Chemist: 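Here's a structure for you.
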2 protein chains.
Amino acid sequence: MTDAPGVVRITDVAALAGVSPSTVSKALNDTGSLRPATRAKVREAAERLGFVPDATARSLSARRSFTVGLLSTDSAGRFSLPVVLGAENALVGGQISALLATARHDAVREQHHVRSLVARRVDGIIVTGRTTEPRRPIRVPMPVVYAFAPSQDPQDASVVPDDDAGMTAVAEHLTSLGRRRVAYVGGRGDQAASTQRHDSLRTALRGHDGTLVGDPLYGEWSERWGRLAVDLVLGDHRAGDPLPVDAIAFASDQLARGGCDRLRDRGVRVPEDVAVTGYDDWDVMTLASRPPLTTVDPQLERLGQRSAELLLAAIDGRPSSGVELSPPRLVVRASTMGDA
Amino acid sequence: MTDAPGVVRITDVAALAGVSPSTVSKALNDTGSLRPATRAKVREAAERLGFVPDATARSLSARRSFTVGLLSTDSAGRFSLPVVLGAENALVGGQISALLATARHDAVREQHHVRSLVARRVDGIIVTGRTTEPRRPIRVPMPVVYAFAPSQDPQDASVVPDDDAGMTAVAEHLTSLGRRRVAYVGGRGDQAASTQRHDSLRTALRGHDGTLVGDPLYGEWSERWGRLAVDLVLGDHRAGDPLPVDAIAFASDQLARGGCDRLRDRGVRVPEDVAVTGYDDWDVMTLASRPPLTTVDPQLERLGQRSAELLLAAIDGRPSSGVELSPPRLVVRASTMGDA
DNA sequence: GGAAACTAGGAATCCGTTTTCCTAACGGTA
DNA sequence: TACCGTTAGGAAAACGGATTCCTAGTTTCC
């Protein structure tokens, strides 16, 4: 398309400034020894021609691409998206571009993308997944950081949300409000996001005079299941009867929201009769819920950002190893404190 | 990091196969004239060494990068994300990688990203936005396609969702079910997504023996406003009274969901008394809603894909111009047909 | 059997920068 | 004034492939 016009080469700048290409390079990169006047002259010529050095050629000579790959196992959905954005953001600060590669849960696709990233000689790769389940590591000749979904190899560098801290914060919050009998509602029972949060909650409650009531309830990650689970928790309770619990901790905002709806339907007041907490701080759910949800913000953007920092360090020759926990943040709203 | 080991150059393959680098290039790219035996020998050597040609070097000599930029005005949110994914998907098919650049509504950031994309000599750029409001075009020496948010310059190539067709489908669906008195609830009144859908709905209803009842209601894009708007539509209606409308078309699924909740609260049955439609086909809303929502799927992934196709064509020397409408799809669920 | 027409593969050039050498010119000192 | 150390800037060699010539063999055909 636009070939001859528009594209300015270093030789064009050199010609206009009346110097050699190497001098232009030195002037623009502040290297070598040149007279200030020469630098200024070159700078002006470059400015006038709108010269933007070809990053491709620069990469070739620098033997690195100033590019990292963002390999997303799933289609960059609810969870990996913020991670990717946080990472991209941190990278831009380091003058590095991000190549997006979404694998859509297809191993063949993923392999193809990995190959493509290797071909492009990316300086490093950030791998993200849809869930926090450990995933099979990729084998490439450059640094890799696993974000959100850790690598199955503990030697690899991974950054994952600290769900334990999140659920502990929930337990402390509820008990500090005088809630003692807490039920737990998880999502899919085969996922760590369900089971680990349960364990954390139980442990934390024990340490704060609280009790986890009943067995954990597992189902699916939907509002529908949240509603159903509330029925299971309440049993054949009728308005006026003493309630079996004074709080329900849900493993996601979607569940919590469904739960709130069902509690309302059954005439149970939130938070007066039962306090409710969610998880994820997904504004679409937390703010639309009646009442708005107290929840845990896993700060995924920050997690992505941190992953990028680790990757940049590794690229810079300071590799890290092992799983790093990224801290969450408790967000208090009306579903636990009526006046909050 | 991993420098000497891992990185295989074409000369390494040449040495192993006992031929010259140029022969390797020809063998691997199926060019030149070589004996099949030679090709096979080279292929095997390349395979054994795990040779992946350096895309950077290839780009330099090909004078194109086989890369396109995905410039997202906002942080790749609800709407631009599917567009970006669709585009990335289509590009991969063409052996092209996608550079992600999110501007976060900051003109300075955007300028920086544009410069970076130009420096990387991307073959083209797809620009997306958060809303369908026309946006200021970017000036770069390569083809550009605007997706979702069209360019203000009608000469530029843009692909936007065909909201008119979407709302027309809603009108036809409602009237075919015998609904005649339809109210419309929009989001922000200063956005085309609100106002244009209103106009389309009114026009389409007229053509099908329907009436748009009352003035359009504008507020914000939240469930809260959806709930409020229902109160405005129903006024002081009480259970048993004749209803002022037999259908409400909302401009988004969030609005529709809030509306459904409010209708339930007030004892109005959906869809028996009032049919409800949403817009966007956001499963989180449509499926969790009680009842599930009939809505319009703007097929944004497809839009993104189409944008990529147009861009690839432009890169290939077949530029297009003007605004192309991307077709939506009506998705019928229980909020209009109880047994669907 | 000799010249023309192919064929297979190698050598050289190019892509646009960066970087490493060099080489003049210049200033300072003895 | 001659010599040495600096300094400014140019020439050339990477970087890793693709591509465009070439050239030495090999066929083909009369």
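A quick note: this is a predicted structure, and the numbers were derived from the prediction, not measured. Quick note: numbers below take in every heavy atom, side chains included, and nothing from hydrogens, waters or symmetry partners. So you know, we letter chains A, B, ... as the sequences are listed, proteins then strands, and number each from 1.
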Chemist: Which parts of residues 14-22 of chain B get close to DNA chain C, meaning a heavy atom less than 4.0 angstrom away?
Modeler: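 B:V19, B:S20, B:S22 - these, ordered by number, are the residues of the stretch whose heavy atoms sit under 4.0 Å from the strand.
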
Chemist: Measuring only between side-chain heavy atoms, which start at C-beta, is B:V160 closer than 4.5 Å to B:T132?
Modeler: no

Chemist: May I ask you to say whether B:R104 pairs ionically with A:E301, meaning some side-chain N is under 4.0 Å from a carboxylate O?
Modeler: yes

Chemist: Between B:A62 and B:R39, name the one whose nearest nucleotide on DNA chain C is closer to the 5' end.
Modeler: B:R39

Chemist: Can you list every salt bridge (charged side-chain N to carboxylate O under 4.0 Å, His left out) pair that touches residues 136-146 of chain A, not counting sequence neighbours?
Modeler: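 Output for this query lists A:E110-A:R136.
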
Chemist: Could you tell me the separation between the CG atom of B:L100 and the CG atom of A:L91, rounded to the nearest 0.5 Å?
Modeler: 10.0 Å

Chemist: Is the shortest side-chain heavy-atom distance between A:I125 and A:V127 below 4.5 Å?
Modeler: yes

Chemist: Within the structure shown, what part of the strands sits under 4.0 Å from B:R121 by heavy-atom distance: base, sugar-phosphate, or nothing?
Modeler: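 Result for B:R121 = sugar-phosphate.
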
Chemist: Need to verify one output field. Residue with the more 5' nearest nucleotide on DNA chain C, B:P36 or B:L60?
Modeler: B:P36

Chemist: For DNA chain C, which nucleotides open and close the run of contacts to chain A, 5' to 3', at under 4.0 angstrom from a non-hydrogen atom?
Modeler: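 First-to-last contact on DNA chain C, by the 4.0 Å heavy-atom rule, is C:dG16 to C:dT20.
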
Chemist: Quick one: side chain to side chain donor-acceptor pair (under 3.5 Å) pairs with a partner in residues 48-59 of chain A, sequence neighbours left out?
Modeler: A:D54-A:T56

Chemist: Counting only non-hydrogen atoms, which of residues 23-30 of chain B are less than 4.0 Å from DNA chain D?
Modeler: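 Residues of residues 23-30 of chain B that come under 4.0 Å of DNA chain D are, in numerical order, B:S25, B:K26, B:N29.
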
Chemist: Evaluate the side-chain proximity of B:T67 to B:R121: yes if any heavy-atom separation is below 4.5 Å, no if none is.
Modeler: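 Sidechains of B:T67 and B:R121: no contact.
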
Chemist: Who passes salt bridge (charged side-chain N to carboxylate O under 4.0 Å, His left out) against B:D162, sequence neighbours left out?
Modeler: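 Result, salt bridge (charged side-chain N to carboxylate O under 4.0 Å, His left out) vs B:D162: none returned.
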
Chemist: Can you list every pair that meets salt bridge (charged side-chain N to carboxylate O under 4.0 Å, His left out) and has a residue in residues 15-33 of chain B, with sequence neighbours left out?
Modeler: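 The answer is B:D30-B:R39, B:D30-B:R43.
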
Chemist: Which is the 5'-most and which the 3'-most nucleotide of DNA chain D that has an atom under 4.0 Å from a heavy atom of chain A?
Modeler: D:dA8 to D:dG17

Chemist: Quick test of your reading: applying ring-ring contact (aromatic ring centres under 6.0 Å, His included), list the pairs with at least one residue in residues 131-150 of chain B, sequence neighbours left out, ordered by first then second residue.
Modeler: B:F79-B:F148

Chemist: Near DNA chain C, under 4.0 Å by heavy atom, which residues of residues 51-59 of chain B?
Modeler: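 Residues of residues 51-59 of chain B under 4.0 Å from DNA chain C: none.
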
Chemist: Output all residues satisfying salt bridge (charged side-chain N to carboxylate O under 4.0 Å, His left out) with B:D163, sequence neighbours left out; order by chain, then residue number.
Modeler: B:R197

Chemist: Would you kindly say whether A:T73 and A:R135 are connected by a side-chain donor-acceptor distance under 3.5 Å?
Modeler: yes

Chemist: Bend across the helix from C:dG1-D:dC30 to C:dA30-D:dT1, to 10°, with axes taken over 5 pairs at each end?
Modeler: 60°

Chemist: Any carboxylate oxygen within less than 4.0 angstrom of a Lys/Arg side-chain nitrogen, looking at A:K41 and A:E44?
Modeler: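 No.
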
